[in-house]
Protein chains: 2
Amino acid sequence: MSVTLADIARATGLSASTVSRALSDPDKVNPRTRDRVRKIAQDMGYVPNQVARSLTSGRNDLIGLIVPDIANPFFPPIIKAVQARASAKGKTVLIADVDEHPSDEIQRARVMRKRVDGLVVVSPRTPDDRLDQLAELRPIVFVNREVKGAASVIIEDSEGMREAVEHLTALGHRRIGYLNGPRRSWSNTQRQNAVREACAAHGVDLVEFGPFEPQIQAGVRAADLVHASDVTAVIAYDDMIALGLMARLNERGVRVGPDISVIGIDDSPMSGMAYPTLTSIHVPGSEAGARAVDIVLDLADTPSEAEPAVVQLETRLIVRSSTSPVRER
Amino acid sequence: MSVTLADIARATGLSASTVSRALSDPDKVNPRTRDRVRKIAQDMGYVPNQVARSLTSGRNDLIGLIVPDIANPFFPPIIKAVQARASAKGKTVLIADVDEHPSDEIQRARVMRKRVDGLVVVSPRTPDDRLDQLAELRPIVFVNREVKGAASVIIEDSEGMREAVEHLTALGHRRIGYLNGPRRSWSNTQRQNAVREACAAHGVDLVEFGPFEPQIQAGVRAADLVHASDVTAVIAYDDMIALGLMARLNERGVRVGPDISVIGIDDSPMSGMAYPTLTSIHVPGSEAGARAVDIVLDLADTPSEAEPAVVQLETRLIVRSSTSPVRER
DNA sequence: CTACGTGACGCAAACGGTTGCCGCAAGGAA
DNA sequence: TTCCTTGCGGCAACCGTTTGCGTCACGTAG
């Protein structure tokens with residue numbers, strides 16, 4: 001089969017241990033031997049067997065990532081960031097898409113456990129009590145989810161939401177809608193609270209719709225509900241829903257912008273390409289992913305007992321053309 | 001630390017080998033013993049250490065996936081399909097995003113080699129000679145790329161492209177543009193040839209632009225070139241480019257549809273949400289991903305010497321509203 | 001000249017399972 | 001009763017690396 005340490009040991013006349021050290025712990029062997037070993041290993045096309053390496057050393061050079069739905073455009077940037085950061089630190093990413101199906105998570109996480117150096121979990125839907133079980137599988141870090149006693153990178157929606165409501169009131173809107181995300185979504189709870197507070201603070205009426213799944217089709221469905229109501233502006237749980245909403249409104253001849261203002265959340269790459277371009281609350285997914293990797297690797301190196309890190313990231317409003325001054329009815 | 005086979009052996013008074021068999025090779029032990037072992041294992045919270053398991057058995061329950069860019073919306077559906085199919089067969093996916101940077105591929109693949117049961121490679125840009133090296137790392141299957149002597153799932157663009165050109169000529173277009181993808185892209189070569197043949201067959205003029213990167217910004221840049229030319233319809237290398245193109249044309253007051261027809265390729269979820277909705281050639285990415293997993297696992301089970309499978313998938317045109325009858329100028 | 005320190009390397013025991021082979025006991029056939 | 005078969009379970013080797021510890025030779029100091 002493939003070249004092993006023993007093969008090189010034979011070829012060099014050294015022992016496997018010396019070869020091992022020559023390759024991975026350079027200071028412990030004579031420089032001349034080291035170079036000779038390395039050259040021969042190179043020539044023989046030696047590639048260390050990571051599996052065997054993990055077994056003894058405990059290190060895996062792998063980090064596990066659990067996401068609810070790869071196809072939702074909010075996640076690819078996170079995945080990419082995790083992947084890039086991991087790669088920069090010599091790690092590969094083991095990924096599990098749990099298909100918005102929370103019960104798989106713990107199962108998947110357990111299986112991954114021994115295989116990875118750390119876990120990054122993006123898990124907006126799993127109930128809290130489940131998460132506690134997950135949290136035991138340290139090192140672990142949660143993205144966009146606060147779990148007591150566990151490290152996390154959370155995205156603080158309130159600032160962006162405040163800006164959004166402020167923006168709408170400045171445009172004269174006095175009655176705005178919020179399209180709720182999935183019922184058990186932690187993010188939705190955050191966003192819902194944020195929009196309620198912001199509306200209360202600005203003294204505007206809030207009408208809530210939903211819950212909706214974070215999918216385009218749900219937005220399409222939402223459109224007719226919104227149109228039948230008397231709100232003049234809508235904030236959607238995410239860009240997916242907002243895009244579906246806009247598409248359906250366009251179809252029905254309602255001009256997004258002039259007739260009704262729409263704000264999405266996530267600022268996914270598509271928001272700039274929609275028609276009209278979608279005003280959206282930027283959520284720093286990439287940054288969150290990168291930070292998560294840093295934290296989890298840090299945790300892996302130094303399994304401290306200290307209170308785990310909780311990083312907060314801010315959101316902000318990106319104004320495009322889906323929001324306009326309110327139209328007299 | 002965690003519960004091992006030996007712990008269970010001790011608890012049951014059996015040997016580790018029996019426990020192992022009771023857990024993973026049920027027929028070889030007495031049903032009563034098996035159930036007892038399983039119950040105790042369950043109670044003790046035993047989770048097999050996959051790493052140790054791989055080392056002896058050679059099986060990893062992992063499949064490796066190499067993609068050029070997770071953030072390009074063409075890939076998530078593929079990844080999702082690979083992931084889903086793998087999951088259905090009890091495997092997890094090890095993913096590597098090579099960031100459109102081909103030289104990493106072989107390196108990454110080599111490192112993955114021993115850790116996975118098979119490799120699925122989506123590699124539109126890597127030069128052929130590099131790919132040959134990769135192909136040795138069997139079991140391996142290439143998606144959307146033909147490599148001699150290796151299994152692959154290829155997507156045959158010609159039919160969809162023929163339909164696209166036919167569609168445009170039926171609408172009266174006589175001079176159409178093609179926006180080339182990246183210079184060294186295998187897919188682009190396929191698509192370029194297909195569009196040339198189709199245009200020749202229908203006797204319409206073809207004007208080529210590019211190459212362009214498969215990114216929205218490239219499409220934006222393309223828009224002005226296209227607008228300055230005299231083509232009445234454009235087929236873009238992919239939806240990303242098409243979306244950027246449309247966005248910029250909208251911005252310049254050119255009505256996509258009435259003024260100029262645009263066709264994308266990939267039929268990504270966004271095409272139905274763009275304005276106007278984008279006529280696009282559907283590329284069965286999900287199916288390709290699923291098939292690739294089937295093939296690679298099949299290869300892993302029965303490493304035959306036979307000529308490896310090459311599966312062909314067809315494309316077809318999805319007509320939406322970005323294509324209209326040619327306007328008199 | 002002896003003794004001791006030190007650098008360079010080898011030995012062997014892990015790591016946690018899997019698996020080929022063997023022994024043993026019980027059951028059936030002769 | 002004896003012999004053979006069959007089912008069940010144990011023994012031990014093995015997968016490829018890492019790593020603590022021991023050994024050996026050499027250099028230097030006393």
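Each chain gets a letter, A, B and so on, in the order its sequence line appears, and its residues count up from 1. The basis for the numbers below is simple: all heavy atoms, side chains too, and nothing from hydrogens, waters or symmetry mates.
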Colleague: Listed in order of residue number, which residues of residues 39-46 of chain A have a non-hydrogen atom at under 4.0 Å from DNA chain C?
Modeller: none

Colleague: Taking the nucleotide of DNA chain D with the nearest heavy atom to each, does B:L55 or B:V29 sit closer to the 5' end?
Modeller: B:V29

Colleague: Nearest to the side chain of A:P31 - D:dG16, C:dG17, C:dA8?
Modeller: C:dA8

Colleague: What residues, two or more places apart in sequence or in another chain, satisfy side chain to side chain donor-acceptor pair (under 3.5 Å) together with A:S187?
Modeller: A:N144

Colleague: Return a table of donor-acceptor pairs under 3.5 angstrom between the side chains of residues 117-124 of chain B and protein atoms on other chains or two or more places apart.
Modeller:
from	atom 1	to	atom 2	distance (Å)
B:D117	OD1	B:N60	N	2.8
B:D117	OD2	B:N60	N	3.3
B:D117	OD2	B:D61	N	2.8
B:D117	OD2	B:K91	NZ	3.3
B:S123	OG	B:E105	OE1	3.0
B:S123	OG	B:E105	OE2	3.0
B:S123	OG	B:T126	OG1	2.8

Colleague: Rounded to the Å, how far apart are B:D25 CG and D:dG10 C1'?
Modeller: 16 Å

Colleague: What bend angle does the helix from C:dC1-D:dG30 to C:dA30-D:dT1 show across its length, from five-pair end axes and to the nearest 10 degrees?
Modeller: 60°

Colleague: Output yes when B:R108 and B:D97 qualify as a salt bridge under the 4.0 Å nitrogen-oxygen rule, no when they do not.
Modeller: no

Colleague: Could you identify which residues of residues 12-23 of chain A place a heavy atom less than 4.0 Å from some atom of DNA chain C, listed by residue number, or say none?
Modeller: A:G13, A:L14, A:S15, A:S17, A:T18, A:R21

Colleague: Which residues pass the salt bridge (Lys or Arg N to Asp or Glu O under 4.0 Å) test with B:R10, not counting sequence neighbours?
Modeller: B:D7

Colleague: Round to a whole Å and report the spacing from CZ of A:R36 to P of C:dA8.
Modeller: 15 Å

Colleague: Just to be sure I understand the rule, does B:R59 reach a base, reach only the sugar-phosphate, or reach nothing, if contact means heavy atoms closer than 4.0 Å?
Modeller: sugar-phosphate

Colleague: Pick one: which of B:T33, B:T18, B:I40 meets side-chain contact (heavy atoms from CB on, under 4.5 Å) with B:T12?
Modeller: B:I40

Colleague: Take the protein atom CZ of B:R115 and the nucleotide atom P of D:dG16, then report the distance between them rounded to whole Å.
Modeller: 16 Å

Colleague: Sequence neighbours excluded, which residues qualify as side chain to side chain donor-acceptor pair (under 3.5 Å) partners of B:D132?
Modeller: B:K148

Colleague: A:T33 near the nucleic acid: base, sugar-phosphate alone, or nothing, with a heavy-atom cut-off under 4.0 Å?
Modeller: sugar-phosphate

Colleague: Measure from CD on B:Q50 to P on C:dC15 and round the result to the nearest Å.
Modeller: 19 Å

Colleague: Would you please name every residue forming a salt bridge (Lys or Arg N to Asp or Glu O under 4.0 Å) with B:R38, sequence neighbours left out?
Modeller: none

Colleague: Tell me the interatomic distance from A:K28, atom NZ, to D:dT18, atom P, rounded to whole angstroms.
Modeller: 13 Å

Colleague: Does anything in residues 43-52 of chain A pair up under side-chain hydrogen bond (donor to acceptor under 3.5 Å, both in side chains), and if so which pairs, sequence neighbours excluded?
Modeller: A:K39-A:D43, A:Q50-B:R115

Colleague: Quick check: does any side chain N or O of A:T4 sit under 3.5 Å from a backbone N or O of A:A6, one acting as donor and the other as acceptor?
Modeller: yes

Colleague: Can you tell me how far C1' of D:dG10 sits from CG of B:L5, to the nearest Å?
Modeller: 14 Å

Colleague: Rounded to the nearest angstrom, tell me the gap between atom CG in B:N30 and atom P in C:dA25.
Modeller: 17 Å

Colleague: Using the side-chain contact (heavy atoms from CB on, under 4.5 Å) criterion, which residues pair with A:A151? Sequence neighbours excluded.
Modeller: A:V141, A:I295, A:L299, A:P308

Colleague: With sequence neighbours left out, what residues match A:R85 under salt bridge (Lys or Arg N to Asp or Glu O under 4.0 Å)?
Modeller: A:D294

Colleague: Report the distance from atom CD1 of B:I8 to atom P of C:dG16, rounded to the nearest whole Å.
Modeller: 13 Å

Colleague: Got a sec, which residues hit side-chain contact (heavy atoms from CB on, under 4.5 Å) with B:A71, two or more places apart in sequence or on another chain?
Modeller: A:K80, B:D69

